[in-house]
Amino acid sequence: MNFRALPLAVLITFCSLWAGQARAQDVFISGDAGLALIGPPLVPLDQGAAALTSRIGLGAEFDRFQVEFDVGVVSPFAFGEGVLLVPSLDASFLFRRPGADVRPYVGGGLDLVYVLSNYGGFALPWAHLTAGVDSRINARTSFYGEVRTYGLELQFSAGSKFRF
């Protein structure tokens with residue numbers, strides 16, 4: 001097996017074991033915006049950069065598990081530096097059952113980071129870890145706060161989900 005395919009194989013196996021034959025209880029679209037610190041912890045804060053982030057996604061919730069495909073954009077405050085375009089496949093474990101007003105979660109995902117700048121572009125395979133809290137507003141809508149780390153980037157974002 002190709003070593004680069006190993007993380008994807010692990011994620012697919014994990015999703016298959018947890019989801020089993022279950023049908024999704026909810027399908028949702030999500031969107032968020034936030035701030036990112038690019039560099040820490042591997043690069044000192046004064047040598048890193050701050051950035052704006054936004055993300056939109058489509059996902060499914062199971063009993064205590066959710067999967068989502070999303071696409072994010074990271075734009076450093078120095079806009080002349082270019083942007084990062086990040087499609088991701090995410091999976092999270094939800095600590096409380098469906099119907100709970102507040103549902104904390106942890107998870108992670110696989111990414112393909114496209115670096116687009118005035119000097120050209122390239123793509124890197126990557127991964128991230130996630131922790132957050134999803135709070136119900138009504139039966140179809142929730143608000144969430146989330147922290148993601150990509151190793152060289154730390155993101156803080158707030159967003160909402162609409163279930164259908």
Side-chain angles (χ1 to χ4, degrees), residues 1-20 22 24 26-45 47-77 83-98 100 102-116 122-136 142-161:
M1 176 184 283
N2 184 345
F3 180 72
R4 291 180 184 161
L6 183 61
L8 182 59
V10 169
L11 182 64
I12 290 170
T13 302
F14 178 75
C15 291
S16 299
L17 292 174
W18 279 96
D26 288 310
V27 175
F28 61 86
I29 58 172
S30 65
D32 63 44
L35 295 172
L37 297 174
I38 301 172
L42 300 177
V43 174
L45 187 58
Q47 294 176 10
L52 296 174
T53 68
S54 61
R55 189 170 42 245
I56 187 164
L58 176 65
E61 286 182 9
F62 300 88
D63 183 34
R64 290 197 179 203
F65 183 72
Q66 67 183 2
V67 293
E68 181 177 14
F69 174 76
D70 57 53
V71 177
V73 175
V74 181
S75 179
F77 287 138
V83 298
L84 303 176
L85 181 64
V86 186
S88 300
L89 177 61
D90 309 309
S92 300
F93 177 78
L94 301 155
F95 287 99
R96 298 186 71 198
R97 294 233 177 249
V102 177
R103 297 181 79 189
Y105 59 90
V106 295
L110 299 174
D111 316 289
L112 189 57
V113 178
Y114 291 96
V115 179
L116 307 171
F122 58 93
L124 299 167
W126 212 258
H128 68 272
L129 298 174
T130 305
V133 176
D134 194 350
S135 300
R136 180 196 306 225
S142 64
F143 173 80
Y144 64 91
E146 185 173 277
V147 176
R148 285 187 180 200
T149 180
Y150 292 87
L152 288 173
E153 177 189 345
L154 185 61
Q155 280 187 11
F156 303 93
S157 56
S160 63
K161 289 181 185 173

Report summary line: One should read off an interatomic distance between Leu116 CG and Phe122 CZ, to the nearest 0.5 angstrom, of 9.5 Å
Requested in this report: Would you tell me whether Asp134 and Tyr105 have side-chain atoms, one donor and one acceptor, within less than 3.5 Å of each other?
Outcome: no
Query - Ser54 and Leu52, any side-chain heavy atoms less than 4.5 Å apart - result: no
Query - Partners passing side chain to side chain donor-acceptor pair (under 3.5 Å) against Gln155 (at least two apart in sequence or in another chain) - result: Arg55, Glu153
Report summary line: Between the NE2 atom in His128 and the OG atom in Ser88, the distance rounded to the nearest 0.5 Å is 5.0 Å
Query raised in the report: How many angstroms lie between atom CZ of Phe156 and atom CG of Asp32, to the nearest 0.5 angstrom?
Result: 13.5 Å
Query raised in the report: So how far is it from Leu37 CG to Thr149 OG1, rounded to the nearest 0.5 Å?
Result: 10.5 Å
Report task. May I have the step-by-step check of salt bridge (charged side-chain N to carboxylate O under 4.0 Å, His left out) for Arg148 and Asp90, ending in yes or no? Result -> CA-CA 11 Å; Arg148 285 187 180 200; Asp90 309 309; 3.1 Å; yes
**Report entry** Derivation and outcome, side-chain contact (heavy atoms from CB on, under 4.5 Å), residues Val106 and Leu129
**Finding:** CA-CA 8 Å; Val106 295; Leu129 298 174; over 6 Å; no
**Report entry** Spacing of OG belonging to Ser30 relative to CD belonging to Gln66, to within rounding of 0.5 Å
**Finding:** 8.5 Å
Query raised in the report: Can you find a heavy atom in the side chain of Val147 that is under 4.5 Å from one in the side chain of Leu154?
Result: yes
Requested in this report: Quick one: sort the Phe62 and Phe65 rings into parallel, tilted or perpendicular, breaks at 30° and 60°.
Outcome: tilted
Query raised in the report: Is the count of non-hydrogen atoms from other residues, nucleotides or ligands lying under 6.0 Å from Leu112 atom CG greater than 12?
Result: yes
Query raised in the report: Does atom OH of Tyr114 have more than 12 heavy-atom neighbours, drawn from other residues, nucleotides or ligands, at distances under 6.0 Å?
Result: no
Report summary line: Tested for side-chain contact (heavy atoms from CB on, under 4.5 Å) against Val74, the lone hit among Val115, Val83, Ile38 is Ile38
**Report entry** Atom of Phe143, atom of Ala158 and distance for their closest heavy-atom approach
**Finding:** CZ-CB, 3.9 Å
**Report entry** For Asp63 against Arg103, the heavy-atom pair lying closest together
**Finding:** O-NH2, 2.9 Å
Query - Donor-acceptor under 3.5 Å (Thr53 side chain, Gly34 main chain) - result: yes
Query raised in the report: To the nearest 0.5 Å, what is the distance between CZ (Arg136) and NZ (Lys161)?
Result: 12.0 Å
**Report entry** Shortest non-hydrogen separation from Asp111 to Gly109 and the atoms involved
**Finding:** OD2-O, 4.0 Å
